[in-house]
Protein chains: 2
Amino acid sequence: MTDGSGDDPGGNTPSQRLGVREIARRIGVAPITVSRSLSNPGRVSAETRARVLEAIEQIGFVPNQLASSMRGNGRMIGTVVPPLINSGIAEQVQGMSDECHEGGYSMLLVQGEFTREAEEKAIRTLLGWRPAGMILQSFVQSETARALLQGSGAPVVEISEVKGRDPIDMVVGISNFETAYAMTMHLAAKGYRRIGFVSTPIHGNDRLQQRRTGYHAALTKLGIKNHDGMEVEVPITAQGGAEALVALTSRHKHIDAIFFSSDTLAVGAVQECHRRGWAVPGRIAIAGYGDMDLAAQLYPRLTTVRVNRYDMGRRAVRQLLARLGGDVEVPTVTSLGFEIIDRESA
Amino acid sequence: MTDGSGDDPGGNTPSQRLGVREIARRIGVAPITVSRSLSNPGRVSAETRARVLEAIEQIGFVPNQLASSMRGNGRMIGTVVPPLINSGIAEQVQGMSDECHEGGYSMLLVQGEFTREAEEKAIRTLLGWRPAGMILQSFVQSETARALLQGSGAPVVEISEVKGRDPIDMVVGISNFETAYAMTMHLAAKGYRRIGFVSTPIHGNDRLQQRRTGYHAALTKLGIKNHDGMEVEVPITAQGGAEALVALTSRHKHIDAIFFSSDTLAVGAVQECHRRGWAVPGRIAIAGYGDMDLAAQLYPRLTTVRVNRYDMGRRAVRQLLARLGGDVEVPTVTSLGFEIIDRESA
DNA sequence: CTGTTAGCGCATTCAG
DNA sequence: CTGAATGCGCTAACAG
């Protein structure tokens, strides 16, 4: 049964059950030569290599990455991400994926929520695959999980807030505090004084926590008080944004601007304004966060915080690959810039 | 160096370098007993099992899935997906991911474009990891890739058009032809006669091809002629949708409705209408495809084709897991329903 | 430039 | 209920 053709009545179906050994046998070389032809072409004569490649092509052989990985040559990057829908995480995943593939790595995607328990479970799952490197969203809360990650020996990038806690290994991100502070100041500079804040569920998400803190800090700096109850948490949907708008404007008749922690929410709120015949920003100003594709095309064009999440994903992987490539000089903290995009909605 | 504590000055850092063997050694049992405690609890006495689990907890041991997979116990589902941004694929990936995790599987995500070359490369990458099952978007074009997939022995689901070509193994999807046909008919029933069609790049994407064909078939059925040049292809962005609107309305002054192959495009077009002061659907009716989250909240609410992509993802994985669980009765073709959601924009 | 030996960590098979 | 031997496919290390 070692010839691999055991249960294949057809006879010449390419089968992944065949390995380097079979290739080697067919052309009369040692298995290691086949291996080298692929991963270390310099150490094999051009002629031998050609024969090997031909046999590989003919037999439809695809090297087994699992076996490679067990020998320490793993080329898999693992990541834990929150739900992809509506969140801007999709762009980040895209960035990671692109950079991974350009570097010859594959990406394992594990779903994780922002609860300690789910986080730990996700990280365990990830570690089970012995990835060469890992990327996590937000800081890891669970001490157990942090210890596990550290003990793995693999490089880790946390894509998160660049300020505050000690990273497990490396961080890539922005100062969420600063972005929110800057946007709040921006709104104030445009004359708005009663500024509400709407976010998606904050619990366990230090990025959102930082944004809220930045918003508070700006209000304090501006000497604006009485903003109690001008904050709402809603699910990350367009409808959530609309509901937040309704809630805030009915509770606070003279609120004049709302800062949403996500463009998705802001877009939903703008639709609700249209529906009510409210001018944006005449009746109320709306600002978002993320600069999603639609933001620039929205009517009115959305004032928002631009954070290049695609690039964030790419950078995270790049850090990992640099480290895996033996570069010791890789910076521990990579802070990406952001931009306040002033458009029509505020 | 077999005690695994070699280069760890701290001493008790949990290390993934430790395996079942070490756990076994510590509590004086055979490695296999550790293995069984995890995967086959019934075959181990409760007391032994408790000791094993305690040691595992203490040492921070996470079983190596690579090694398991090499023994044929792989718990990884691989998938090839087009870019996640703006495409509705994110929802599908979410569905796959959720179902995978509930079933105890992990998901490997490989990026693939709709060109034959990229497709083949992506599939090779995927196969290298010897996934227990695979999910592909769209039908596989390349014969080489199809042969490779078939030869792998693993179950394959193509999420695609349910009509037409022979699947490699199983298909989950909808009849894109029917959805587009139905929407075009729906628009006609509402009185529109000069109906344009806008899609994202069609080449190599049989889903889009089928939608266009469905649109054509409906027009023919309706006896509507002279729709030459009433089709445009644009990138899948809100701006693309706006540009398509401008292009079509300037070329065809009396066009009265546009059917977009994606909500993202439709939403962009609606914004452009607002900007121009055009009533929707008064000046022009707009219909989308996908029923994305924003569609129901949009102003005006978007008439669209509802396709539950999240569910499609879940179903695809469910098929795979059923087959992996030994169920031979798994249907080859799973056709999900769709719904024409009649709202305000058309 | 090419080959031999050995082992990564787990789980199947067969024996106690 | 528990264990010993063995091999999945690949590649590092060390010959030749």
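Each chain gets a letter, A, B and so on, in the order the sequences are listed, and its residues count up from 1.
Scored by the side-chain hydrogen bond (donor to acceptor under 3.5 Å, both in side chains) test, Asp98(A) finds Gln94(A), Tyr310(A) as partners (sequence neighbours excluded). Looking at residues two or more places apart in sequence or on another chain, you find a salt bridge (Lys or Arg N to Asp or Glu O under 4.0 Å) between Asp169(A) and Arg323(A).
Taking every heavy atom of residues 45-52 of chain B and every atom of DNA chain C, no pair lies under 4.0 Å.
Side-chain contact of Ser142(B) with Glu119(B): a donor-acceptor pair under 3.5 Å is absent, judged by distance alone. Between Thr334(A) and Gln319(A), the side chains place a donor N or O and an acceptor N or O closer than 3.5 Å (distance only, hydrogens not considered). Side-chain polar atoms of Gln92(B) and Gln137(B) form a donor-acceptor pair below 3.5 angstrom.
Looking at the side chain of Met70(A), the nearest of the listed nucleotides dG9(D), dG3(C), dG3(D) is dG9(D).
At the heavy-atom level, Gly128(B) lies nowhere under 4.0 Å from the strands shown. Residue-level contact check: Val34(B) touches neither bases nor backbone, having no heavy atom under 4.0 Å from any strand.
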- [ ] Mark up nucleotides 10-16 of chain C, 5' to 3', with B wherever a protein heavy atom is under 4.0 angstrom from a base atom, S wherever such an atom reaches only the sugar-phosphate, and - elsewhere.
- [x] BBB----
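Salt-bridge formation is detected for the pair Arg124(B)/Glu120(B): a Lys NZ or Arg NE/NH1/NH2 atom is positioned less than 4.0 Å from an Asp or Glu carboxylate oxygen.
Using five terminal pairs a side, the axes of the helix from dC1(C)-dG16(D) to dG16(C)-dC1(D) at its two ends make an angle of 30°, given in steps of 10 degrees.
Pairs passing the side chain to side chain donor-acceptor pair (under 3.5 Å) check and including a residue from residues 31-46 of chain B, sequence neighbours excluded, read Ser45(B)-Thr48(B).
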